[in-house]
Amino acid sequence: MPDNDARRQAEEQIKRLAKDPQVVPALAQHLRTAKTPNVRQLAAVLLRKKITGHWAKLSPQLKNLVKQSLIESITMEHSPPVRRASANVEDHREVALILFSSMTETIGIAFQPHFADLQALLLKCLQDDTSNRVRIAALKAVGSFLEFTNDGDEVVKFCQLIPSILNVARQCLSSGEEDVAIIAFEIFDELIESPAPLLGDSVKSIVQFSLEVCSSQNLESNTRHQAIQIISWLAKYKYSSLKKYKLAIPILQVMCPMLAESADAGEDDDLAPDRAAAEVIDTMALNLAKQVFPPVFEFASLSSQSANPKFREASVTALGVVSEGCLELMKDKLEPILHIVLGALRDPEQMVRGAASFALGQFAEHLQPEIMSHYESVLPCILNAIEDASDEVKEKSYYALAAFCEDMGEEILPFLDPLMQKLLAALQNSPRNLQETCMSAIGSVASAAEQAFIPYSERVLELMKSFMVLTNDEDLRSRARATELVGIVAMSAGRARMEPILPPFMEAAISGMTLPILFNNCSMSIQKFNFSVFSQGFGLEFSELREYTHGFLSNVAEIMDDSFAKYLPHVVPLAFASCNLDDGSAVDIIESDDENINGFGGVSSDDKAHDEPRVRNISVRTGVLDEKAAATQALGLYALHTKSSYSPYLEETSRILAIIALKSILTSAHAIFQSQNDGPAKAREMLDTVMDIYIKTMTGDDDKEVVAQACMSVAEIMKDYGYAAIEPSCQQLEDDSDMEDDDTEHDELLMDAVSDLLPAFAESMGSHFAPIFANLFEPLMKFAKASRPLQDRTMVVACLAEVAQGMGAPIAGYVDRVMPLAIKELASSDATNRRNAAFCVGELCKNGGESTLKYPYACSRDKKNLSKLGINTITNI
């Protein structure tokens with residue numbers, strides 16, 4: 001009689017072992033060495049089932065061993081059933097597809113003339129109804145070919161495979177082969193990231209399948225996460241398709257309830273379904289606000305009344321998550337929204353109270369200024385929450401308080417004393433993570449209260465001394481927050497109160513900077529300075545601490561003014577070191593020396609490596625970027641407040657300083673060089689260096705905010721230093737004056753900056769600006785077309801008026817183009833536009849000479865227009 005218990009135990013043991021990749025070589029060993037044919041046959045059958053999922057995880061040596069065992073078994077095995085079972089592992093069609101996949105790595109270009117045939121072949125294999133292994137191999141082959149394919153037309157052909165890919169993926173999920181089904185999501189990922197509109201109405205099927213997967217709680221967390229990521233990528237890159245096919249509501253009907261799911265114990269936070277769902281909702285809110293807010297608000301309203309605390313938590317989490325993207329819509333419904341969130345802040349469950357605190361912090365960040373009108377109801381609730389029994393609720397309440405107080409002014413005064421009493425008590429009696437957020441909240445309160453904070457400054461500063469000397473890695477974030485807070489309090493306390501007690505804070509702050517990094521990144525001319533005060537800082541390496549230290553030092557420089565000069569030898573090298581850090585921007589090129597990463601080609605579910613080097617991600621260490629930004633701002637403030645004392649650092653500073661700080665450095669240099677014999681030459685050299693940086697930024701940088709800042713800085717330089725400042729740079733601007741005719745998405749900040757820059761040129765150069773303006777006029781006039789937004793036309797008319805005022809007589813050559821535009825804008829419905837038009841008419845008449853004589857007559861015939869011109873314009877006429 002068969003022993004059923006023994007068989008059951010054996011089956012359970014096999015199931016456990018089958019999860020380990022080492023089961024593959026073990027089965028291959030049994031296939032070759034087991035004495036009983038039945039055992040060898042069973043080994044072959046199990047190997048056929050498990051080899052696909054585990055192959056990518058094996059070392060090259062084990063792969064070769066398994067291949068050799070299979071070949072030997074096929075050629076040397078005496079038992080026909082065992083021989084057939086071994087051969088089935090390397091089914092001919094499957095092997096052919098594996099070979100196709102592998103060959104894309106080396107001779108993929110040779111397949112290009114045959115892509116149409118290969119597509120038909122892959123489609124047939126995806127639809128093979130006799131072999132699941134063939135369908136799986138075909139799925140992997142699609143991934144390999146798609147990864148190799150760059151031509152848009154070729155990629156479009158692969159989109160025709162989507163229905164079959166979805167069928168294979170569903171079959172794999174039903175048979176428990178989730179690792180193979182994930183390949184489908186990787187293929188969709190490639191298609192979504194393509195800039196071409198490849199998906200068409202297939203996006204509906206992809207979304208439906210992805211929602212099915214992420215809703216299935218019986219699947220592995222990684223499988224569900226892959227499905228959620230597809231929805232996230234669609235919301236980010238193809239949101240217009242989601243809008244077109246009305247998919248926002250179906251997605252939110254799945255994602256919102258997922259916010260109420262609990263993560264499994266020990267599960268990676270990045271794979272937690274509630275967190276992933278929140279990211280999807282956030283992305284959708286940013287891109288599809290009108291489609292997102294109504295269903296989210298409906299979900300929040302209903303779930304806030306749920307008996308299930310997870311759904312009450314989800315209700316306020318959803319509102320907090322969408323507050324950035326749906327800010328305008330939420331501002332119109334603040335009363336009912338706050339009713340939900342403030343009610344949740346009093347919920348008996350801590351998870352709900354914590355989510356409510358988070359939501360209030362989000363509202364304070366994104367729903368300004370409307371949220372501030374509710375401070376009388378919000379602040380008392382936060383005051384209660386910061387004394388919550390739960391540390392998690394306290395931490396989120398400190399965050400909400402910090403965000404809320406950041407934009408407050410004197411409104412905070414009635415709450416100041418109770419707030420500070422509670423915050424100071426919490427600061428002394430809380431664990432480290434709560435102390436960090438508590439310090440952030442105190443900083444926001446100090447900024448809002450300004451001089452009213454002085455009665456609390458001494459106590460706060462005394463408490464910060466112990467935090468500013470912490471050196472353990474786990475304490476450095478607290479040290480950073482303390483350093484930041486001392487700088488904020490110093491601004492409130494002022495120079496008279498801070499100067500006598502400043503030295504120990506300065507020494508503690510400077511000692512927190514890492515000396516080895518400084519030496520590695522500074523030029524030899526800077527390394528000569530005395531670093532004796534850094535003895536405590538040798539082992540510290542924490543970018544956030546350095547960032548906040550630069551901020552602290554900037555604040556001290558601002559309140560100390562020229563008395564800060566004695567600290568320059570210590571703090572300037574630190575700023576230089578941060579400016580010279582590698583900011584961490586990198587292109588991840590993943591490659592492998594292995595001839596065949598997984599034996600099945602390109603897209604792998606288990607290994608992110610790829611044989612062919614492939615650009616996959618841009619990674620940026622934002623902490624270092626923030627540190628560099630703080631350092632450049634600090635250098636500008638050092639120069640601004642210490643003036644001539646800054647002269648030893650000017651050359652090095654001008655070489656490394658970023659755009660925003662350069663203007664302050666130039667001001668300092670001008671003051672320094674005035675007292676030196678060779679000052680004019682040095683001043684000219686500095687001016688040329690700064691202008692060269694700005695002009696290169698204006699003509700070569702693709703970041704509109706950076707270019708706008710450069711434009712505004714150049715305009716200020718010309719106003720301060722005159723025509724000499726821009727003469728060497730004029731030719732570069734003339735050569736790079738083209739604007740795109742179809743730039744309808746131009747940045748308003750950038751255009752404002754340009755409209756400030758051109759009048760600055762005209763004012764500085766006078767009639768000498770005419771040759772440059774001749775190249776800039778037509779690009780500028782493109783923004784005056786009737787099809788352009790009102791603010792564009794306003795900008796152009798105002799800019800032309802100021803150019804006419806500054807350039808003088810040469811404007812006569814443009815009167816016949818500009819005057820009709822200005823007269824037309826006199827009839828604008830916008831008052832600002834009418835004022836700018838009247839100003840422009842007047843300046844044209846004043847400086848345009850005889851060419852304008854016919855236009856006053858045209859204006860004066862129309863009394864309605866004449867009444868709009870104003871006295872100054874009429875005088876000019």
Side-chain angles (χ1 to χ4, degrees), residues 259 274 278 300 304 309-310 312-321 323-324 334 337-368 371-372 374-408 411-449 453 456 460 463 467 477-478 481-482 484-485 488:
L259 294 173
D274 54 345
S304 65
K310 288 297 295 181
R312 298 200 301 274
E313 177 191 24
S315 72
V316 284
T317 298
L319 292 172
V321 164
S323 60
E324 181 180 6
L334 260 181
I337 288 172
L338 284 175
H339 177 75
I340 294 172
V341 175
L342 296 181
L345 206 56
R346 298 186 294 269
D347 196 280
E349 294 289 338
Q350 73 158 55
M351 68 177 73
V352 183
R353 299 194 302 274
S357 296
F358 161 77
L360 282 178
Q362 292 291 291
F363 295 171
E365 282 191 47
H366 304 301
L367 304 185
Q368 296 289 349
I371 188 69
M372 297 310 301
H374 298 271
Y375 74 92
E376 291 180 326
S377 60
V378 173
L379 267 184
C381 293
I382 296 178
L383 269 169
N384 290 332
I386 62 178
E387 292 187 310
D388 197 279
S390 163
D391 283 352
E392 181 183 352
V393 176
K394 286 179 182 176
E395 185 174 14
K396 292 178 179 177
S397 298
Y398 294 145
Y399 156 68
L401 179 63
F404 203 83
C405 292
E406 202 166 279
D407 291 288
M408 293 187 73
E411 302 95 336
I412 201 174
L413 298 183
F415 302 93
L416 184 58
D417 193 62
L419 268 175
M420 287 308 300
Q421 295 301 328
K422 294 181 179 183
L423 290 173
L424 287 171
L427 189 59
Q428 298 174 82
N429 302 301
S430 300
R432 198 61 96 209
N433 64 311
L434 291 185
Q435 288 175 327
E436 292 169 13
T437 51
C438 184
M439 283 187 273
S440 180
I442 292 173
S444 293
V445 172
S447 296
F453 191 81
Y456 309 96
V460 172
L463 289 172
F467 288 100
R477 191 177 302 277
S478 295
R481 288 293 182 189
E484 177 190 42
L485 179 54
I488 294 171

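All residue numbers in this chain count up from 1 along the given sequence.
- With a 4.5 Å cut-off on side-chain heavy atoms, Tyr399 and Glu365 count as touching.
- Inter-residue side-chain proximity for Glu387 and Ser397 is flagged as unmet; no heavy-atom pair is nearer than 4.5 Å.
- Here Arg432 does not pair with Glu436 in a salt bridge; the nearest charged N to carboxylate O distance is not below 4.0 Å.
- Between Ala385 and Ser357 the shortest heavy-atom distance is CB-OG, 4.4 Å.
- Note that CD of Gln350 and CG of Asp388 are 7.5 Å apart. Values are rounded to the nearest 0.5 Å.
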### Message
I'd like to know whether Leu423 forms a side chain to side chain contact (heavy atoms under 4.5 Å, CB included) with Leu401, so could you lay out the CA-CA distance, the side-chain angles of the two residues, the decisive distance to 0.1 Å, and finally the verdict.
### Response
CA-CA 11 Å; Leu423 290 173; Leu401 179 63; 4.0 Å; yes

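- Proximity of Tyr456 to Asp417: side-chain heavy atoms (C-beta onward) are separated by under 4.5 Å at one or more points.
- Put simply, the side chain of Leu360 reaches to within 4.5 Å of the side chain of Leu338, judged on heavy atoms.
- Of all heavy-atom pairs between Ala426 and Cys438, the closest is CB-SG, 4.2 Å.
- Contact of the Ile371 side chain with the Asp407 side chain is not registered, since no non-hydrogen atoms from C-beta on lie closer than 4.5 Å.
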### Message
Quick one, Arg346 with Cys381, criterion side chain to side chain contact (heavy atoms under 4.5 Å, CB included). Give me CA distance, side-chain angles, the key distance, then yes/no.
### Response
CA-CA 8 Å; Arg346 298 186 294 269; Cys381 293; 4.3 Å; yes

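- Pairing each heavy atom of Lys396 with each of Gly354, the nearest pair is CD-O, 3.0 Å.
- Within the 4.5 Å cutoff, the side chain of Val341 has no heavy atoms near those of the Leu345 side chain.
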#### Entry: Check against side chain to side chain contact (heavy atoms under 4.5 Å, CB included), Phe467 and Leu485
CA-CA 11 Å; Phe467 288 100; Leu485 179 54; over 6 Å; no

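- Among residues two or more places apart in sequence or in another chain, the side chain to side chain contact (heavy atoms under 4.5 Å, CB included) test is passed with Asp347 by Arg312, Glu349, Val352, Arg353.
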### Message
Go through it in stages, so that I can follow the logic: the residues are Val321 and Leu259, the test is side chain to side chain contact (heavy atoms under 4.5 Å, CB included), and I'd like the CA-CA distance, side-chain angles, deciding distance and then a yes or no.
### Response
CA-CA 11 Å; Val321 164; Leu259 294 173; 5.6 Å; no

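- Summarising the geometry of Ser323 relative to Gln362, their closest heavy-atom pair is OG-CB, 3.3 Å, with the distance given to 0.1 Å.
- Smallest separation of non-hydrogen atoms from Ser304 and Ile340: CB-CG2, 3.8 Å.
- The side-chain heavy atoms of Phe404 and Leu379, taken from C-beta on, include a pair separated by under 4.5 Å.
- Here CD1 of Ile412 is found 5.5 Å from CG of Leu419. Values are rounded to the nearest 0.5 Å.
- Using the six-membered ring where Trp is involved, Phe415 and Tyr375 have ring planes that are perpendicular, over 60° apart on the 30 and 60° scheme.
- Between Leu427 and Met439, some side-chain heavy-atom pair lies under the 4.5 Å cut-off.
- One finds the CD1 atom of Ile337 at 11.5 Å from the CG atom of Leu342 (value rounded to the nearest 0.5 Å).
- The heavy-atom pair separating Ile386 from Lys394 by the smallest distance is O-CG, 3.7 Å.
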